[in-house]
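One structure is given below, encoded as C-alpha cells.
Atoms within a ligand are numbered from 1 in the order they appear, just like the ligands themselves.
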Amino acid sequence: MIWLVGNKGMLGTELALLFEIQGLPHVGSDRDVDILDPKALADFASGKGITWIVNCAAYTAVDKAEDELDLARSLNATGPENLGRLATSIGARIIHISTDYVFDGSGLRPYLESDPVAPLGAYGFTKAEGEARLVAVCPAAVIVRTAWLYGEHGPNFVYSMLRLMGQKEELGVVADQWGSPTWTADLTRALLAIMQAASLPSVLTSGIYHFTNAGATTWHEFAAEIEMLGREFGVLDKPCHVKAIATADYPTKTRRPAYSVLSKEKIEKTFGIKPPGWKESLRAFAETGFGPQVKK
Ligand SMILES: NC(=O)c1ccc[n+]([C@@H]2O[C@H](COP(=O)([O-])OP(=O)(O)OC[C@H]3O[C@@H](n4cnc5c(N)ncnc54)[C@H](OP(=O)(O)O)[C@@H]3O)[C@@H](O)[C@H]2O)c1
C-alpha cells in the first residue's frame with residue numbers, strides 16, 4: 001500500500017491521479033494528518049500495510065519563508081524527519097521531494113547529486129536540512145530533487161504568466177536565471193518508475209536523484225514560449241511582448257540561484273528514466289488545454 005502524503009498539493013494531486021489510473025493501491029493525506037504530529041502519522045499508518053510513503057507535503061512559499069522560517073523549517077525539515085522515522089519503524093520505504101534551491105547557483109555545469117549544497121534563502125535552507133534529517137533517520141530514503149514545477153493542479157509560473165499576459169501588452173521577465181521547467185505529469189511518471197524499480201531487491205536505490213525536464217532555459221525564454229503557445233492554443237487572444245529584464249530589476253525577498261540546472265545522468269543510469277525536453281512537455285501541457293484552471 002502506498003501512502004501519498006500531501007495529496008492535495010500540485011504534485012500530490014497529479015500523483016494520486018496516476019496511482020488511480022494505474023490501479024495501484026494507495027491512501028492519501030494532507031493537512032488532515034499533520035506531518036508535524038508523529039502520533040497522528042503513526043495512527044494513520046497503523047494497520048494499512050504501508051510499503052511506500054511518498055512525501056509531497058512541504059512549505060513551498062519561497063519568499064514568505066524568509067518571514068516564516070520556523071514554520072518553513074518545521075514543515076520542510078521536521079516533517080520529513082518524522083516521516084522517515086516512521087518509515088524505518090514500520091519497514092516501509094520513502095520517497096521525498098526536494099529542490100534545486102538547495103544550490104547557490106554559482107555552478108558552471110549541471111549540478112550533480114554529490115555537489116555540496118549551499119542554499120541562498122530560507123526555503124532552500126529548510127529543504128536542505130530536511131534532506132539531511134531524513135537520511136539520518138532513514139538511510140534507505142530516496143530523495144528526488146526537482147525544479148520549476150508546473151501542472152494543472154496548483155498555482156504555478158505558467159498560470160501566472162497566462163493571467164498577466166491576458167491583462168498586459170508587455171511583461172518583463174528575468175533573463176539571467178537559468179533552470180529547467182518541469183511538468184508534474186513527467187515527474188509523477190518518474191517517481192512511479194523509481195518505486196517500481198526500487199521494489200526489485202537487486203537494485204540499490206537509496207540516495208538523492210535529480211529529475212527535471214531536459215534542457216536549460218531562463219524564466220524569460222520560458223515565458224516567451226508560454227506566450228507563443230497561449231496564442232496558438234487560443235488562451236491568449238492578443239500578443240504580449242515578453243521583455244528580458246535582469247534579476248536586479250525584479251527584486252524579490254529571497255535570492256534565487258542564477259543557475260540551477262540539475263544533471264539527470266544518475267536517474268537515467270540507475271532507472272533508465274529519460275526526461276522529455278522542456279519545450280516538448282510544455283507543448284504537451286498546452287495540448288491538454290493547459291488544464292481546467294485556464295479560461296478560454
Ligand atoms: N512548485 C515548485 O516549483 C517546486 C520546485 C522544486 C521542488 N518542489 C518540491 O516539490 C514538492 C511538491 O511541491 P508542490 O508545488 O506540489 O507543493 P504544494 O502544492 O504547496 O503542496 C504541498 C501540500 O502540503 C500540504 N501541507 C502543508 N502543511 C502540511 C502539514 N503540516 N501536514 C500535511 N500536509 C501539509 C499543503 O497544504 P496547504 O496548501 O493547505 O498548505 C499542500 O497541500 C515539495 O516538496 C516542494 O518543495 C516544488
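Considering V102, T254, T99 as possible partners of Y123, the one that fulfils the side-chain contact (heavy atoms from CB on, under 4.5 Å) test is T99.
The nearest heavy-atom contact from the protein to atom 20 (O) of ligand 1 is T60 OG1, 2.8 Å. For atom 21 (O) of ligand 1, the nearest protein heavy atom (residue, atom name, distance) is G9 CA, 3.3 Å. Remark: minimum distance from atom 44 (C) of ligand 1 to any protein heavy atom is reached at A58 CB, 3.5 Å. Protein heavy atom nearest atom 33 (C) of ligand 1, with residue, atom name and distance: D30 O, 3.0 Å. Protein heavy atom nearest atom 32 (N) of ligand 1, with residue, atom name and distance: I35 N, 3.2 Å. Residue, atom and distance of the protein heavy atom nearest to atom 10 (O) of ligand 1 are I97 CG2, 3.3 Å.
Distance screen at 4.0 Å: atom 17 (O) of ligand 1 has a protein heavy-atom neighbour inside the cut-off.
In terms of N/O distances under 3.5 Å, ligand 1 is not approached by A147. Looking at ligand 1, you'll find an N or O of L149 within less than 3.5 Å of one of its N or O atoms. Considering both main-chain and side-chain atoms, N55 never comes within under 3.5 Å of ligand 1 through any nitrogen or oxygen pair. Residue L75 has no N or O atom closer than 3.5 Å to an N or O atom of ligand 1. No N or O atom of A57 sits closer than 3.5 Å to an N or O atom of ligand 1.
Below 4.0 Å from some heavy atom of C56 lie the following atoms of ligand 1, by number and element: 12 (C), 22 (C). Heavy-atom contacts of L11 reach the following atoms of ligand 1: 12 (C), 16 (O) (cutoff under 4.0 Å). Those atoms of ligand 1 that come under 4.0 Å of a heavy atom in T146, given as number and element, are 6 (C), 7 (C). Of all atoms in ligand 1, listed by their number and element, those nearer than 4.0 Å to a heavy atom of D34 are 30 (C), 31 (N), 32 (N). Remark: ligand 1 atoms within the under-4.0 Å shell around heavy atoms of K127 are 44 (C), 45 (O), 46 (C), 47 (O). Interface of S98 with ligand 1, defined as ligand atoms under 4.0 Å from a residue heavy atom, comprises 7 (C).
A 4.5 Å side-chain heavy-atom check between N213 and E280 finds every atom pair outside the cut-off. Using a 4.5 Å heavy-atom cutoff, the side chains of M10 and T60 are not in contact.
Under a 4.0 Å heavy-atom criterion, Y123 is in contact with ligand 1. Residue contact check for ligand 1: V33 places a non-hydrogen atom closer than 4.0 Å to it.
A salt bridge does not link D70 with R73: none of the charged nitrogens is closer than 4.0 Å to a carboxylate oxygen. Taking 4.0 Å as the cut-off between side-chain N and carboxylate O, E113 and R145 do not count as a salt-bridged pair. Ion pairing of E131 with K127 is absent here, as no side-chain N (NZ or NE/NH1/NH2) approaches a carboxylate O to less than 4.0 Å. Using a cutoff of 4.0 Å between basic side-chain nitrogens and carboxylate oxygens, D63 and R256 are scored as salt-bridged.
For the atom pair CZ of F157 and CG of L164, the computed distance is 9.5 Å after rounding to the nearest 0.5 Å. Between I245 atom CD1 and L171 atom CG the span is 8.5 Å, to the nearest 0.5 Å. The NZ atom of K168 sits 11.0 Å away from the NZ atom of K238 when rounded to the nearest 0.5 Å. In this structure, CZ in F285 is found 12.0 Å from CZ in F233, a value given to the nearest 0.5 Å.
No more than 12 heavy-atom neighbours from other residues, nucleotides or ligands sit within 6.0 angstrom of NZ on K64.
A distance-only check finds a donor-acceptor pair linking the side chain of E66 to the backbone of A122 [under 3.5 Å].
Of the candidates H96, K8, R31, M10, the one placing a heavy atom closest to atom 27 (C) of ligand 1 is R31.
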